[in-house]
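This report concerns only the one structure given below.
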Amino acid sequence: YLLENKLVDNKYAVEYFNEKIKDPMLIADMRKSSDITTDVILFNIDSKSESQFKSSRDAILKVFNKVFDEMQGYCGSLPWVADMERQMVKENVYDKFKEEFYKESGSLWEESREDIFYEEDSVITSLMKTRNMSEESARNWFNKAEENYTLSIEKFAKRVSQYLESKGSNHHVVFLVDEIGQYIGDDSQLMLNLQTVVEDLGTYCGGKCWVIVT
């Protein structure tokens, strides 16, 4: 609450502490942290991890990428779909695509995207109308996008950095990860994966992305 400084019952979170905290240094720290615009991504890693993730050497990276996509309103469970959505936002056609998809399928995109393979024709027609793609290229993308999708820790860290830059000069992102010790257990590969994620976020995001775990 303090990091994001949410409005709660028409008061910002930090205001609830102004009268209660008598230590001037502590309240100054609270005010300082709440003055920085921050996206706080709070999650239990085990509940966000899909069953096939755990056996992967990139298990922690995949969960981080999933919750980061979800925070931005993209499809968390299908990262290749989130990539398409992100690209359409850059092209300024995402809203138009969602309108066309609704006309074609009668369903909201956000409610249907996880079942994208059942909506192939609607997706292809919507892509043709919004991105000026031929039917052949749209269908080719649809059939190969998942197979061609790749994710690395470096790529993820750079994506977080680009997001931070798009939000202005001093925006922060905080990943608050619950139950990480239980999730990792004695798997040294998972510990290495977490360590590398944190190191690359530090390298590319210049102190504006934090990972806090329990």
Side-chain angles (χ1 to χ4, degrees), residues 3-4 38-90 94 109-120 123 141-167 171-214:
L3 289 170
E4 209 162 22
T38 305
D39 290 305
V40 176
I41 307 171
L42 172 65
F43 61 102
N44 179 308
I45 191 162
D46 196 42
S47 68
K48 282 292 181 184
S49 175
E50 294 173 27
S51 56
Q52 71 269 29
F53 282 6
K54 193 73 186 282
S55 58
S56 164
R57 62 186 299 272
D58 290 326
I60 302 237
L61 168 64
K62 287 178 178 176
V63 181
F64 270 67
N65 188 63
K66 177 182 180 180
V67 297
F68 184 63
D69 282 342
E70 287 176 348
M71 182 272 289
Q72 296 170 83
Y74 301 138
C75 182
S77 57
L78 300 172
W80 58 278
V81 174
D83 257 15
M84 175 190 76
E85 294 171 316
R86 191 176 287 106
Q87 185 59 37
M88 287 195 289
V89 168
K90 283 182 186 172
Y94 187 36
W109 168 247
E110 287 85 352
E111 293 173 0
S112 307
R113 60 191 175 187
E114 290 188 13
D115 299 316
I116 191 170
F117 292 112
Y118 294 104
E119 301 283 0
E120 180 175 348
V123 171
W141 172 86
F142 188 93
N143 292 330
K144 293 186 177 178
E146 183 175 22
E147 177 188 334
N148 293 339
Y149 176 80
T150 59
L151 178 67
S152 68
I153 294 174
E154 182 182 47
K155 187 176 177 181
F156 169 71
K158 285 180 176 177
R159 185 177 291 159
V160 176
S161 176
Q162 289 163 1
Y163 171 79
L164 288 166
E165 286 171 15
S166 75
K167 290 291 183 178
H171 188 77
H172 288 196
V173 169
V174 178
F175 292 92
L176 286 171
V177 195
D178 196 20
E179 300 294 357
I180 193 91
Q182 201 167 323
Y183 184 75
I184 289 174
D186 57 2
D187 189 331
S188 60
Q189 185 60 55
L190 288 178
M191 180 57 88
L192 177 62
N193 196 217
L194 173 64
Q195 180 182 324
T196 311
V197 167
V198 172
E199 286 175 356
D200 274 20
L201 286 172
T203 300
Y204 289 102
C205 300
K208 294 179 182 177
C209 180
W210 285 72
V211 178
I212 301 171
V213 305
T214 67

Discussion item. I'd like to check Phe64 versus Val177 (side-chain heavy atoms, cut-off strictly below 4.5 Å). Are they in contact?
Written reply: yes
Response to the item:
side chain to side chain contact (heavy atoms under 4.5 Å, CB included) with Phe175: of Val213, Val197, Val198, Val67, only one passes, and it is Val67
Discussion item. Less than 4.5 Å apart, side chain to side chain, heavy atoms only: is that true for Leu78 and Glu85?
Written reply: no
Discussion item. With rounding to the nearest 0.5 angstrom, report the CG to CG distance, Asp58 to Leu190.
Written reply: 10.0 Å
Fill in: Sub-4.5 Å side-chain heavy-atom contact between Asn143 and Glu120
yes
Item to complete: Check whether any side-chain N or O of Thr196 sits under 3.5 Å from a backbone N or O of Leu192 as a donor-acceptor pair, and report yes or no.
Response: yes
Worksheet entry | Lys66/Asp69 salt bridge by N-O under 4.0 Å criterion | no
Worksheet item: Can you tell if the side chain of Trp141 reaches within under 4.5 Å of the side chain of Asn148, non-hydrogen atoms only?
Response: no
Practice prompt. Would you indicate whether the side-chain heavy atoms of Leu151 and Pro79 approach each other to under 4.5 Å?
Written response: no
Fill in: Expected output: side-chain Ser166 to main-chain Tyr163 donor-acceptor under 3.5 Å
yes
Worksheet item: Take atom CE in Met191; do more than 12 heavy atoms of anything else shown fall under 6.0 Å from it?
Response: no
Discussion item. Ring-plane angle category for Phe117 and Trp80, please: parallel below 30°, perpendicular beyond 60°, tilted otherwise.
Written reply: tilted
Discussion item. Do Trp210 and Thr38 have side chains that approach each other closer than 4.5 Å (heavy atoms only, starting at C-beta)?
Written reply: no
Item to complete: Could you tell me which non-hydrogen atom of Cys205 sits nearest to which non-hydrogen atom of Ser161, and how far apart they are?
Response: SG-N, 3.8 Å
Item to complete: Say whether, by atom type as modelled, one donor and one acceptor occur between the side chain of Asn193 and the main chain of Leu61 under 3.5 angstrom.
Response: yes
Worksheet item: Got a donor-acceptor contact below 3.5 angstrom from the Asp115 side chain to the Tyr118 backbone?
Response: no
Worksheet item: Under 6.0 Å from the CD atom of Glu114, do we count more than 12 heavy atoms belonging to anything else shown?
Response: no
Worksheet item: Quick one: are Ile60 and Ile180 in side-chain contact, heavy atoms under 4.5 Å?
Response: yes
Worksheet item: Do you know which two heavy atoms are closest between Arg113 and Gly73, and how far apart they sit?
Response: NH1-O, 3.2 Å
Worksheet item: Do the non-hydrogen side-chain atoms of Trp109 and Val81 ever get within less than 4.5 Å of each other?
Response: yes
Worksheet item: What closest approach, in Å, do Cys75 and Ala82 show between heavy atoms, and which atom pair accounts for it?
Response: O-CB, 3.3 Å
Discussion item. Which residue is it: Gln72, Lys167, His171? I am looking for the one with a side-chain hydrogen bond (donor to acceptor under 3.5 Å, both in side chains) to Asp39.
Written reply: His171
Fill in: NZ or CZ of Lys155 within 45° of Phe68 ring axis and under 6.0 Å
no
